[in-house]
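Below, chain A is the first sequence line, B the second, and so on; all start at residue 1. FYI, side chains are in, hydrogens and waters are out, and symmetry mates aren't considered; it's all heavy atoms of this structure.
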Amino acid sequence: MSHVLEISGLVKTFGGLTATDYVSLTVDTGEIHALIGPNGAGKSTLINQICGEIIPNAGHIHLAGRDVTRLPPAERVALGLGRTFQITSLLDDMTVRQNLGLAIQAREGGNFRILDRASRRAEVWDEVAEILRSGTLGARADVRVADLAHGEKKQLELAMALSQRPRLLLLDEPMAGLGHVESQQMIEALQAARGECAMLLVEHDMEAVFALADRISVLVYGRVIAAGSADDIRANPAVREAYLGEEDA
Amino acid sequence: MKRLLTTASLLAAMAVPAFADGTKIGVITTLSGPAGYLGEQIRDGLALGLDASGAAYELVVEDDGRDPNTGVQVADRMLNEEGIKLLTGIVFSNVSGAVVPEALDAGAIYVSPNAAPSGLAGAKCHPNYFVVSWQNDSLHEASGAAAKKLGYTTAVALAPNYQAGKDAIEGFKREFGGEVTEIYTGVEQSDFAGEMAQIRDKAPQVVFQFHPGGQGIAFLKQYQQSGLLGTIPMVLSEPSYDGVILKAVGPAAVGLTGTTHWNADFDNEASKAMVAAWTAAHPDVPLTTYAQQAYDTGLLIGAALQKAGGDGDIAALQAAIKSAEFTSTRGSFAFGPNQHPVQDWYLTAIEADAAGNPVIVTKEKIREAVGDVYAADCKM
Amino acid sequence: MKREHLILLAVFLLLALVPYAAELTGQTSWTRLVGQALIYGMAAASLNFILGYGGMVSFGHAAFFGIGGYVVGILYHHFDAGTSFLGLIPGTDQMLITLPAAVIVAGLAAALVGAMSLRTGGVQFIMITLAFAQMFFFLFISLKTYGGEDGIMVRRTNSLPGLDMKNKATLYWVVLCFAAAYYLFLRRLVQSSFGQIIAGIRQNERRMAAMGISTYRYKLAAFVLSGMGAGLAGALMVNFLRFASPDMMHWSRSGELMIMVILGGVGTLAGPFIGAGVLFTLETTLARYTEHWMLPVGILLLIVVLTTRGGLMALIRRLGGKR
Amino acid sequence: MILLFEQLLNGLQYGVTLFLLAAGLTLIFGIMGVINLAHGALYMVGAFAASWVAIQTGSFWGGLLSGLAASAIAGVAVELGVMRRLYARDHLDQVLATFALILIFNQSTVLIFGRQPLFTSVPDVFSGSVEILPGLPYPTYRLFVIAVGLAVALGLYLLINKTRVGMLVRAGATNRQMVRALGVNIQGLYTAVFALGALLAGLAGVMASPIVSVQVGMGDEIILATFVVVVIGGVGSVKGAFVAGIVLGMFDTMLRAFLPGLLQQVMPGPEAQALGVGVSSMGIYLMMALVLLVRPRGLFAARG
């Protein structure tokens, strides 16, 4: 089994603060790898380095076998990297349909055409219609994103990320702010997408993590202190201490 | 004579009933922004000059905002809608560069009371284009001649870093002949402390500077504050020490040397009449050379209108203006081959009056009947 | 859609009739006024493409306007003098050559400015575009060969085969056709694949990057396209005025273009043209009645900002009852 | 050597003037998020009011007080009448509104004072010059301007770092929401900051009035350089405005003074002069472009 993502010896410091401290981890094809850890453990910093929004001080990131450590974000996407954001990040003034359309248009390319009509690109809109038919967003297709409920935005964001057909999907707290029912829907959606791509899941919701993850890595103060299956992690004393210590403080 | 003129204007008035209350003259000038006072001087001087000529006229005044676009827009309306055949008033070369061709192509006449870009003085001269003021270069040549005549051999020359500034220093150098250190200043610079330090460092025998309007005020104030005034003499061309600048600078200006084509103390009837008329009409506003040029323009236009009987016959009006049959406030005046002035230049000193305020006193004539270097290129 | 086409056609026909109407009423200067407003409208619309659709607030757009104009001026200067630019490129007065040349040169300048400026964003972008425009301004002010601050005269409007460009109405119609074509081009552009990506970048650049869009390249392309539009407008303006001067690229001109866009309606197709028309007409008409025209213009602008949201286009829409 | 020192002083004096203007602008920008193009108009108001009163009464100090009062009042009027309605709006609306204000201020000044530039002389105490180094007399008034500028810088430092209002101002520049959350009278704070900014701009205008020509539009010329200072210093940072103002003032003065001479070493005189001045006019813009390419948010960005 090959690694979709391979991180080795990654270091990132901000001033005196070490946010990422020699982190190494891998995500395999088809795998859901969860990354957990208390607040301030450096999870978002790590995600942003994988995406290319932050450039590490040392170490390497390989995506599908290629060294992408210093590539700009867009080129990583071209190599098969998709992501969702901790705080949903969509095109608020456009409708659900337009958001999906733009995502597929971005994937399809040909976007330096200045005299075509984006609204007539069949390859784009057929697929949008298909996504809307199959998902739960169909009824809300022509609503402005700004007017969507929080859970709907999360769903749309996932749909847009999946429509990119990524090899690896980075999910930055997809459950954040969701109610119980919505969380269940999100877990189902992610389960359904399991076959399509590998995922690196950053999440606080342990129920979701244990339901979804094949492997779990625990990040504390920028360091991976434990990695393994769900059961391994549950039993790991260092993890318990880190979490309990956090709760005491 | 006077009755004849009146009859002529009466005839003109009858010939063109639409203009029963006088020939319309379009005045496009800069009235807004920092340079607005220049346009004011020109507008008011022009009106007084026309009044003095006794011609029947009507001024149509509009602001160009120092913007060529606006200037052309105004010119178009005056020429094509209001049927105006005679334009004047522009202060700045960049506006006249756009407006003058517009007027000429419409078959109208333009008489400049101030701006005289070199581009229109040489090969591109035109029978319907007249300049009453002066060509830029001759202005500064006079200062060079003055500095030479006063026996100086080393000078520092300062001017803003645009074309007119470069022309100024070129003109000064042409007649001065001594050793000149050139310093160019910023186009919108208002603090010259750095230049003052450089002047002190160079310690020349004389300083020549060309900074019209607000820049000139700032320069002179700072020259005094830096203690250079009274240490190193300064020679100025007329735009750098007009009455408004002197009023603003106050006693700090006393002791400077200037060159000019006209001064308020000129001993001729026309000039005295103008000074009297101005003082009566605008007691609080100094009379500058801008107003004087406009006054002369008014006299010239007025005389020509009377001779040609209005603007019904443009060719006749053109010929009347070309003949320049008017009594200029500057004494001798004639048009050169490119219809720019051929005139005398004077050395003046700025002295203190009884109250300690600066007055410009004419000293001597330093150049006689000079035209400009571009006239040779004009084939009309 | 149908209704929009009808309105566009009607507006075009009305504008085409302006020279006749001007002749009939004796208000002949309206031809020039409307022509100049159309050209400013083009320049403002080109700015609006990056500002309104792309979210890039350029405060140096007049630089490209001026550069386009100077290309026409400089080519005419060499044509007139029988010399050549840098001893290499001969001058010309053929509009079919000068306009494309102006567009290309303005595009190159925009590529240069954009490549550097687009590394920043927000107010820093505003200031750095202004800085580059100021550099161009100071450059042209010190070019003695081309008139320095006095500017450069273009004694005759460029020629187009088969047309009498000396005729003011003809020149006006040529300008109108360019303005109409440019409007249609922009209308198409914002609906194109490229236009959609640009709109996406304005709303959420980070999201677009996460979808694999190299936002810098798209923004640069938009900046260049916009600069080319401004160059075209500048070239037309010099043909219309028969004069090019550094005033064209003064920072206040950039500000004026921005004001036209905001006044008309940011991110609308017709807004910049309406803004240009209204501002220009207001200035010239008020200037006929008072030397202090700046005061009423200022007060009117202030009222528009305070009472409308989204400029005159928003007002028109509200009156039209569309929203 | 003496020349160099004198030019440094000149640069310092230009620098503190820029600082006075930039300090208010950067605070207004940082705290209210408003791009105030009309800041230069407040500089003009200060200069005109001071000059006019000085001419009428013959007292520079009376002029100083009236200039400060007039600009502060104008600032408060602008805040209450216009800006308050625009905080929630787009930056572009603020640009249009403040542009309109420039037109209104300029033309009103013409209506009130006419088009003739005004003149005030240096107060008697500061007329003449002091020999600060052997062979280097320096105008006393300019030394006074430098002293005032530095004193204001110190005062602002104390105000911002040692007082409760200053704490709010600092907090506002970094995080607007937080100040709101603290339950502070935001409206009052905004008006106060705007008045302070206007006061500083007015002070700059008053200090400049005996040196430069007091005329309509004088504010429009200096506002560009002020924006450059704000951006180089980092939006919202008074410290940045101080450092950038001084550095820019020195840099500009040094370029103008010495670049043409340096160029003359390598090329013929007149061309060197023209090129030198051309480049020094562009100097501050070049510097801004360079700074922004290296630090896109300026030297001391207040916001993260």
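Residue-environment remark: CH2 (W52(D)) stays at or below the threshold of 12 foreign heavy atoms within 6.0 Å. Annotation for E179(B): atom CD does not count as buried by contact number, only 12 or fewer foreign heavy atoms lying within 6.0 Å. Residue D353(B) places its CG atom among more than 12 non-hydrogen atoms of other residues, nucleotides or ligands, all under 6.0 Å distant.
Atom OH of residue Y141(D) and atom NZ of residue K221(B) lie 9.5 Å apart, to the nearest 0.5 angstrom.
Residue contact with chain B, scored on non-hydrogen atoms closer than 4.5 Å, involves the backbone of S209(D) exclusively. For V212(D), the parts sitting under 4.5 Å from any heavy atom of chain B are the backbone and the side chain alike. Only the backbone of T185(B) comes within contact range of chain D, judged by heavy atoms closer than 4.5 Å. With a threshold of 4.5 angstrom between heavy atoms, Q189(B) approaches chain D through side-chain atoms but not through N, CA, C or O. In this structure, the portions of P137(D) lying under 4.5 Å from any heavy atom of chain B include both its backbone and its side chain. Heavy atoms closer than 4.5 Å to chain D are found in the side chain of E40(B), but not in its backbone. Within the 4.5 angstrom heavy-atom criterion, atoms from both the backbone and the side chain of L31(B) approach chain D.
At least one donor-acceptor pair under 3.5 Å links the side chain of N10(D) to the backbone N or O of A193(B). Although no hydrogens or angles enter the test, the distance criterion places a donor-acceptor pair under 3.5 Å between the side chain of Q198(B) and the main chain of A257(D).
Top candidate by heavy-atom pairs under 4.5 Å with chain B, chosen from S127(D), P210(D), G114(D), G11(D), is P210(D). Per-residue heavy-atom pair counts under 4.5 Å with chain B were compared for Q215(D), Q7(D), Q107(D), and the maximum is reached by Q7(D).
Nearest heavy-atom pair, V122(D) versus Q225(B), reported as atom, atom and distance to 0.1 Å: CG2-NE2, 3.4 Å. Here the closest heavy-atom approach between residue P139(D) and residue S226(B) is recorded as CG-CA, 3.9 Å. The two residues L3(D) and A197(B) make their nearest non-hydrogen contact at CD1-O, 3.3 Å.
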Walk me through it: do R256(D) and E195(B) pass the test salt bridge (Lys or Arg N to Asp or Glu O under 4.0 Å)?
CA-CA 8 Å; R256(D) 282 183 201 289; E195(B) 284 73 13; 5.5 Å; no

For this session: Please report the C-alpha distance between Q222(B) and I211(D) in whole Å, then the side-chain angles of each, then the deciding distance to 0.1 Å, and finally whether the side-chain contact (heavy atoms from CB on, under 4.5 Å) criterion is met.
Result: CA-CA 6 Å; Q222(B) 292 165 28; I211(D) 298 179; 3.1 Å; yes

Just do the salt bridge (Lys or Arg N to Asp or Glu O under 4.0 Å) check on R142(D) and D191(B) with the steps written out, would you?
CA-CA 11 Å; R142(D) 285 180 187 260; D191(B) 191 339; 3.1 Å; yes

